[in-house]
Amino acid sequence: MAAPDTSTADLPDEEIERVPGEGDMWFFVLFESLVFTAYFCVYLYFRTQDERAFLEAQSALNLPLGIVDTIVLLTSSWAIARCVQEARAGRYPAARRLALATIGLGAAFFALKLVEWVNLIRGGHTFTSSDFMQHFFFLTGMHAIHLLIGFVALGILVHQLSDPQRRSQETIETCSTYWHTVDLYWVLIFAVLYIVR
Amino acid sequence: METSSKLRLLAAWLVLVAITVIYLWIDRSADDGGTLAASTIVTISAIFLALAKVRIVMREFMDVRHAPPPLRRLTDLLIAVIGVSLLTSYLIGRVVA
Amino acid sequence: MSIVSNLRANLRTDPKRELWFTWYSTVAFYSLYSVVFFVITRTQPPGKPWLDPEQTVEWFADRHGGLLFGFGLIFVLGGWSATAIALIAYSIRRMSVSRAFAYSYLVLYLIAAVPGFLLICIAMTAGALRPDRNPEMQRWLYDLGFLSFSGTMGVFLVGSLIWMAAILLDKNRVFPRWFGYLNLCNALTEVVIAPSWIFQRGVLAWDGVIAWWIDVAVFGMYTGVFIYLLRDVIIRDDLGTGPLPERPPGRPRRLHPLAKVLR
Amino acid sequence: MSSYLVPDTVDDPRAGQSSGERVIFWTLPAVAVIWIAAFLLFPGFVPPMSPRASAAEVADFYSENLSRVRYSMILFNWFCVALIPILMLIVERMRGMAHRTPVMRYCVIGVAGAAPIAFLTSTVFWLIAAFRPDRSPDLTLLCNDLAWITFTCGVPFLVALCLFLALAIAYDDQDQPVFPRWVARFNVLIAIVLVPAGFAGLAVSGPFAWDGLVSFWLRNIAIALWIVVMAAALRQAMARDRDHDPTEIGAAP
């Protein structure tokens with residue numbers, strides 16, 4: 001790693017050290033992760049104070065649906081990582097198809113989330129029904145807002161890929177970094193809401 | 001080389017899905033005859049598995065693997081901070097309760 | 001140069017004196033605001049939302065003089081909040097984006113002054129003025145004060161997003177892009193505070209760990225950062241158009257200790 | 001010094017033209033007549049209602065003076081914000097000041113809108129108090145308190161307006177400033193006179209209570225005086241702008 005910058009020109013593409021996307025987006029990723037961590041800490045602490053009630057309310061969740069949902073979002077994350085690879089190789093039509101696939105998978109995740117919410121609310125589990133559900137709807141709701149903002153990022157990405165004049169690898173990677181962040185938050189939320197006992 | 005990075009991405013995805021399915025198994029085995037019980041082991045392993053997933057997503061999908069060392073260290077530090085914070089608040093809660 | 005002579009030069013002879021005036025006023029206003037809310041009136045951290053009417057009567061009695069004097073200060077000096085907003089609106093105008101962004105920010109945040117701080121001042125003054133008022137009504141004033149103060153959301157939400165969009169679209173490099181993203185974090189605190197209209201207790205109530213403590217931490221960092229960055233903008237500003245120059249060389253920025261460790 | 005004597009007018013081709021500005025200006029005398037009439041019509045101003053009155057006394061006041069309260073406050077509700085266009089004329093004059101940025105103008109625009117809106121809010125509380133005279137006296141007293149506190153203490157934007165204008169004038173160092181220097185000093189004086197009103201909650205009797213000499217009479221006379229003096233200064237500045245209308249200069253070959 002001590003090698004000066006000039007020597008990296010000889011290395012194969014895979015070995016060059018570079019920040020994926022703009023560094024500023026990484027600031028957002030780190031900052032917002034800490035904010036989410038704070039929410040999780042509050043939830044875990046209050047959960048231990050009344051474990052019985054939390055466990056009972058938690059049992060209303062549909063774990064298989066949550067797992068399917070998680071896999072859908074992980075796949076969308078994979079698709080956008082592939083999209084970045086294709087864009088880097090200059091295969092823009094393929095990259096664009098993968099970006100559209102990401103949007104589709106993101107929309108599928110959101111649709112499953114809506115189904116889950118509606119089922120819970122029909123079953124009498126609402127934002128105000130219990131402490132667990134309060135945390136559940138808050139965390140999944142905050143995540144959904146980040147997901148919806150992610151569609152803006154994906155829209156910018158598709159827009160860039162569609163027009164040869166606009167294509168900027170940095171912007172493409174920045175948008176993809178944001179989308180992965182949405183995935184990361186879900187990975188953590190899923191573990192603390194569905195699995196933790 | 002390009003196919004290798006493609007395969008690597010696919011492998012990362014497979015590992016992530018596998019960990020997600022392990023959750024299902026953990027959850028089933030914790031259902032002790034249908035009664036609901038708190039479990040420190042389940043909680044701690046759920047958190048660790050989630051952190052492992054976060055690290056895989058960052059390293060492989062977000063390409064931190066190829067990032068300069070400061071960013072690599074910063075992301076690892078972030079994962080450590082998340083892990084320590086979650087476990088601490090959970091364990092303090094258990095002690096207080 | 002000492003701080004005082006520096007200040008004097010900034011406000012008297014510096015070509016950017018109007019900008020410096022608004023910047024120093026911003027610092028002074030936010031300091032005064034913190035002192036009034038945290039120390040003099042003790043209305044931050046906020047009172048408990050679950051108090052019964054008699055307890056709110058006690059709450060008012062406890063803070064009687066502090067409320068009347070502290071909010072008197074805000075009644076007199078609250079208009080200074082306009083300086084921060086004017087400076088930020090100017091910073092947006094200095095960008096390459098349409099002036100519509102600057103004017104939107106100006107109008108949004110100025111509207112915010114009325115529900116954002118005038119209502120809590122009026123409600124708390126009315127409550128402190130007559131300690132013998134019917135307890136139910138005292139609690140109504142208490143609710144009006146805290147809910148209007150915490151729950152004034154839309155103007156700050158849309159205002160932060162406007163500032164964010166302007167920064168991310170700007171080609172004059174007035175603000176670093178990471179600060180654009182930080183505006184999004186601040187906008188999201190206005191989403192997090194929304195449940196305070198629903199819950200009377202718990203982590204999402206107006207005094208809750210999430211809705212108050214975490215939100216205030218984010219907002220506090222955001223405010224500190226933008227005050228620092230606005231100073232940077234004034235120093236770099238050439239009062240012209242086009243890209244903002246970088247800071248003059250010769251004053252290398254010291255590396256943060258954390259950044260050194262990571263290097 | 002001369003490096004920043006650049007009036008902030010270059011960005012607006014219409015600056016300096018006063019078409020329609022005189023129409024706005026001459027609404028002021030008409031509106032002032034309405035303000036004075038509404039002030040005298042409201043039975044709670046001459047003399048001002050006492051903060052020491054009991055709930056029953058306040059309730060009696062509203063049931064006895066129902067019509068006068070309603071019609072005077074409807075008048076105020078209509079026309080108190082009519083000051084905003086006049087303040088915008090001042091903002092337009094500020095374009096001619098030797099400032100290098102529009103930031104002082106933004107400050108004034110900001111508080112100019114909020115100042116009359118604080119008064120507007122208090123008329124709403126007075127009108128609610130008068131809406132149902134058979135309401136519980138405690139509730140009427142509450143509305144009455146909110147109205148008087150909003151009216152009396154609601155000076156933050158006026159104080160800031162005066163001080164922003166004073167500073168803007170002080171920074172306007174050109175040979176022929178838009179407003180003469182004494183206008184700046186006058187604005188500082190008015191701001192100081194308005195300060196005690198903000199603390200009216202601290203006293204229920206004496207000169208600082210909301211019916212007192214300082215918080216009521218001095219405050220309201222100061223506001224009236226400010227409007228008169230600023231109108232005179234504004235008229236002068238507008239006349240000067242017309243004399244130096246850039247479009248007319250441009251028309252001459």
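In the text below, chain A, chain B and the rest are named by the order of the sequence lines, each starting its count at 1.
- Of the listed residues (B:Ser85, B:Ala38, B:Ala12), the greatest number of heavy-atom pairs within a distance under 4.5 Å of chain A belongs to B:Ala38.
- Residue with the most contacts toward chain A among B:Thr88, B:Ile26, B:Ile47, B:Leu24: B:Leu24 (heavy-atom pairs, distance under 4.5 Å).
- Annotation: maximal heavy-atom pairing with chain B below 4.5 Å, among A:Leu30, A:Val84, A:Asp183, occurs at A:Leu30.
- The aromatic rings of A:His143 and A:Trp186 sit tilted relative to each other, their planes meeting at an angle between 30° and 60°.
- Proximity to chain B involves both the backbone and the side chain of A:Trp78, based on heavy atoms less than 4.5 angstrom apart.
- Of the two parts of A:Ala38, neither the backbone nor the side chain holds a non-hydrogen atom closer than 4.5 Å to a non-hydrogen atom of chain B.
- Aromatic ring centres of A:Phe151 and A:Phe110 lie farther apart than the 6.0 Å criterion allows.
- Neither the backbone nor the side chain of A:Ser176 comes within less than 4.5 Å of any heavy atom of chain B.
- Heavy-atom distances place the side chain of B:Leu78, and not its backbone, under 4.5 Å from chain A.
- Between A:Phe137 and A:Phe127, the angle of the ring planes goes over 60°, which puts this pair in the perpendicular group of the 30/60° scheme.
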Worksheet item: Does the ring-ring contact (aromatic ring centres under 6.0 Å, His included) test come out yes or no for B:Tyr23 and A:Phe190, once each step is laid out?
Response: CA-CA 10 Å; B:Tyr23 277 147; A:Phe190 178 73; 5.6 Å; yes

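- You'll find the side chain of A:Leu120 reaches within 4.5 Å of the side chain of A:Met133, heavy atoms only.
- A:Tyr194 touches chain B through its backbone: at least one of N, CA, C or O sits under 4.5 Å from a heavy atom, while the side chain does not.
- Heavy atoms closer than 4.5 Å to chain A are found in the side chain of B:Leu71, but not in its backbone.
- Within the 4.5 angstrom heavy-atom criterion, no atom of A:Gln58 approaches chain B.
- Rounding to the nearest 0.5 angstrom, the gap separating the CZ atom in B:Phe61 from the CH2 atom in A:Trp179 is 13.5 Å.
- Contacts of B:Leu10 with chain A are made by both backbone and side-chain atoms, with heavy-atom separations under 4.5 Å.
- Rounding to the nearest 0.5 Å gives a distance of 4.0 Å between OG of A:Ser162 and CZ of A:Arg96.
- If you tally non-hydrogen atom pairs under 4.5 Å between each of A:Val192, A:Thr181, A:Ile67 and chain B, the highest count goes to A:Ile67.
- Residue contact with chain B, scored on non-hydrogen atoms closer than 4.5 Å, involves the backbone and the side chain of A:Ser77 alike.
- Looking at A:Gln49, its side chain does come within 3.5 Å of a backbone N or O of B:Gly93 through a donor-acceptor pair.
- Taking the six-membered ring wherever Trp is involved, the centroid distance between the rings of A:Tyr39 and A:Phe36 falls below 6.0 Å.
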